[in-house]
Amino acid sequence: MSKKIAVLTGAGISTSAGIPDFRGPDGVWTKHPEQMSVYDIDAFMSDQEEREYSWRWQKESPVWNAQPGVAHKALVKLEQAGLLSLLATQNFDALHEKAGNSSDVIVNLHGSIGTSHCLRCGAEYDTAAIMGRLDEEPDPHCHRRLPYKSNMTCGGILKTDVVYFGEALPEGAMEKSMRLASSADEFWVIGSTLEVYPAASLVPVAAQAGVPITIMNMGRTQYDSLARTLITEPIQDALPRLVENTIASA
């Protein structure tokens with residue numbers, strides 16, 4: 001039987017693809033703390049100007065136009081080899097989807113910028129379509145017609161599926177991640193500082209279940225002592241090599 005590898009990815013895998021992180025020394029929020037309001041649910045809901053700024057900021061952010069790097073593509077190879085049981089990510093850049101990993105393994109712990117929905121009726125939208133019309137509609141609202149309301153337009157506020165400050169994580173995301181992390185043969189942490197909860201708690205959960213842990217990150221983390229293997233090389237070099245070696249030995 002082939003081994004099952006559970007993976008948690010953080011901002012570090014995407015900085016190698018050109019997306020600045022949020023909390024690092026050169027992070028977006030470290031340098032511009034006022035921009036944290038872009039992802040504040042109370043500000044977003046209560047103020048049209050805040051909503052318009054949030055949408056414009058997200059459209060102009062490198063997150064939106066980024067392309068997956070070699071590290072993302074390495075995890076696609078791992079899945080294609082039948083070895084990837086979980087790809088839990090703290091990133092909402094949708095780069096794992098763009099790279100080609102399937103929704104069977106991806107758990108977006110902090111949501112995804114790739115999709116959006118109406119906060120009133122729940123209708124789903126492709127964020128790219130909303131971004132494409134942002135000049136005409138800077139404060140996007142739902143255009144779905146409601147048959148039970150004589151075909152009137154819903155008109156609810158639209159929001160990306162990123163988890164904003166003040167919102168709960170997607171339902172079942174942590175439960176699924178904990179279950180798969182603790183039942184895997186190996187647990188890899190790729191590019192996470194392991195400072196943000198509850199995502200960081202996957203490491204002690206896996207450790208308690210006796211799963212060997214690999215942490216690949218440029219800086220130290222609080223859970224380094226729980227890892228069997230620590231890798232501090234650049235992720236775009238180290239992860240493809242780790243994947244190749246793992247597939248070869250499997």
Side-chain angles (χ1 to χ4, degrees), residues 8-15 18-66 88-97 106-144 154-174 177 191-202:
L8 170 67
T9 63
I13 193 169
S14 291
T15 49
I19 299 181
D21 65 11
F22 288 103
R23 292 183 171 80
D26 294 315
V28 176
W29 293 334
T30 311
K31 290 181 169 177
H32 305 283
E34 76 285 354
Q35 292 184 356
M36 288 177 81
S37 72
V38 166
Y39 291 117
D40 183 291
I41 191 63
D42 294 334
F44 187 85
M45 293 302 296
S46 60
D47 188 334
Q48 180 180 338
E49 270 183 41
E50 288 280 1
R51 278 198 302 278
E52 291 185 10
Y53 178 71
S54 177
W55 276 106
R56 202 166 58 248
W57 190 92
Q58 291 184 82
K59 185 181 180 183
E60 290 165 7
S61 160
V63 168
W64 183 243
N65 293 309
T89 184
Q90 295 173 277
N91 303 332
F92 51 73
D93 51 34
L95 287 183
H96 291 304
E97 286 89 345
I106 297 174
V107 176
N108 287 301
L109 294 171
H110 296 165
S112 168
I113 201 168
T115 53
S116 297
H117 71 283
C118 168
L119 294 173
R120 180 180 291 164
C121 75
E124 290 190 9
Y125 284 80
D126 181 8
T127 305
I130 299 172
M131 297 293 196
R133 298 189 64 252
L134 215 50
D135 289 343
E136 298 91 76
E137 194 178 1
D139 179 21
H141 280 63
C142 181
H143 296 281
R144 179 186 180 196
C154 168
I157 291 171
L158 297 187
K159 175 192 159 294
T160 65
D161 289 335
V162 173
V163 175
Y164 289 20
F165 295 112
E167 286 192 299
L169 297 194
E171 195 175 342
M174 270 309 291
S177 299
S192 174
T193 56
L194 298 175
E195 287 171 13
V196 179
Y197 286 88
S201 64
L202 290 174

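Position 1 is the first residue of the sequence; numbering continues from there.
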query: For the atom pair CE (M45) and CD (E50), what is the distance rounded to the nearest 0.5 Å?
result: 13.0 Å
message: Within the supplied structure, the quantity of interest is the number of heavy atoms (other residues, nucleotides, ligands) at a distance under 6.0 Å from E136 CD; does it exceed 12?
response: yes
- request: Examine Y164 together with Y39 and report whether their ring centres are nearer than 6.0 Å.
  value: yes
query: Quick one: OG on S46 to CD1 on I41, what's the gap to the nearest 0.5 Å?
result: 9.5 Å
statement: Here the pair of heavy atoms bringing F44 nearest to I157 is CE2-CG2, 3.7 Å
Salt bridge (Lys or Arg N to Asp or Glu O under 4.0 Å) involving E52 - partner list, sequence neighbours excluded: none
query: At what distance, to the nearest 0.5 angstrom, does CD of Q58 lie from CG of L134?
result: 9.5 Å
- prompt: How far does CE of M131 sit from CD of E60, to the nearest 0.5 angstrom?
  reply: 10.0 Å
field: Salt-bridge criterion met for K159 and E167 (N-O under 4.0 Å)
entry: yes
message: Less than 4.5 Å apart, side chain to side chain, heavy atoms only: is that true for R120 and H141?
response: no
field: 4.5 Å side-chain heavy-atom contact, T89 and V107
entry: no
task: Heavy atoms only: give me the nearest N91-S14 pair and the separation to one decimal.
output: ND2-OG, 3.5 Å
message: Would you compute the distance between atom CH2 of W55 and atom CG of L158 and round it to the nearest 0.5 angstrom?
response: 6.0 Å
statement: In L95, N108, V63, the residue satisfying side chain to side chain contact (heavy atoms under 4.5 Å, CB included) with I113 is V63
task: State, yes or no, whether a side-chain contact exists between Y125 and T115 at a heavy-atom distance under 4.5 Å.
output: no
task: For the residue pair I13 and H96, establish whether any side-chain heavy-atom pair is separated by less than 4.5 Å.
output: yes
message: Looking at every heavy atom in both S116 and I130, which two are closest together, and how far apart are they?
response: CB-CD1, 3.6 Å
query: Is the side chain of S177 donor-acceptor paired with the backbone N or O of A173 at a distance under 3.5 Å, no angle test?
result: yes
message: For a 4.5 angstrom cut-off between non-hydrogen side-chain atoms, does L169 reach M174?
response: yes
statement: Heavy-atom closest pair (H110 atom, F92 atom, distance to 0.1 Å) is O-CB, 3.8 Å
task: Go through the structure and list residues passing side-chain contact (heavy atoms from CB on, under 4.5 Å) with S192, not counting sequence neighbours.
output: Q90, V189, L194
message: Do D47 and Y53 have side chains that approach each other closer than 4.5 Å (heavy atoms only, starting at C-beta)?
response: no
task: Calculate, to the nearest 0.5 Å, the distance between atoms NE2 and CD belonging to H117 and E124 respectively.
output: 8.5 Å
field: Shortest non-hydrogen contact between P140 and P138, atoms and distance
entry: CD-O, 3.4 Å
- prompt: What are the two closest non-hydrogen atoms of R144 and C121, and how far apart are they?
  reply: NH1-SG, 3.3 Å
field: Close side-chain approach of L8 and L109, heavy atoms under 4.5 Å
entry: yes
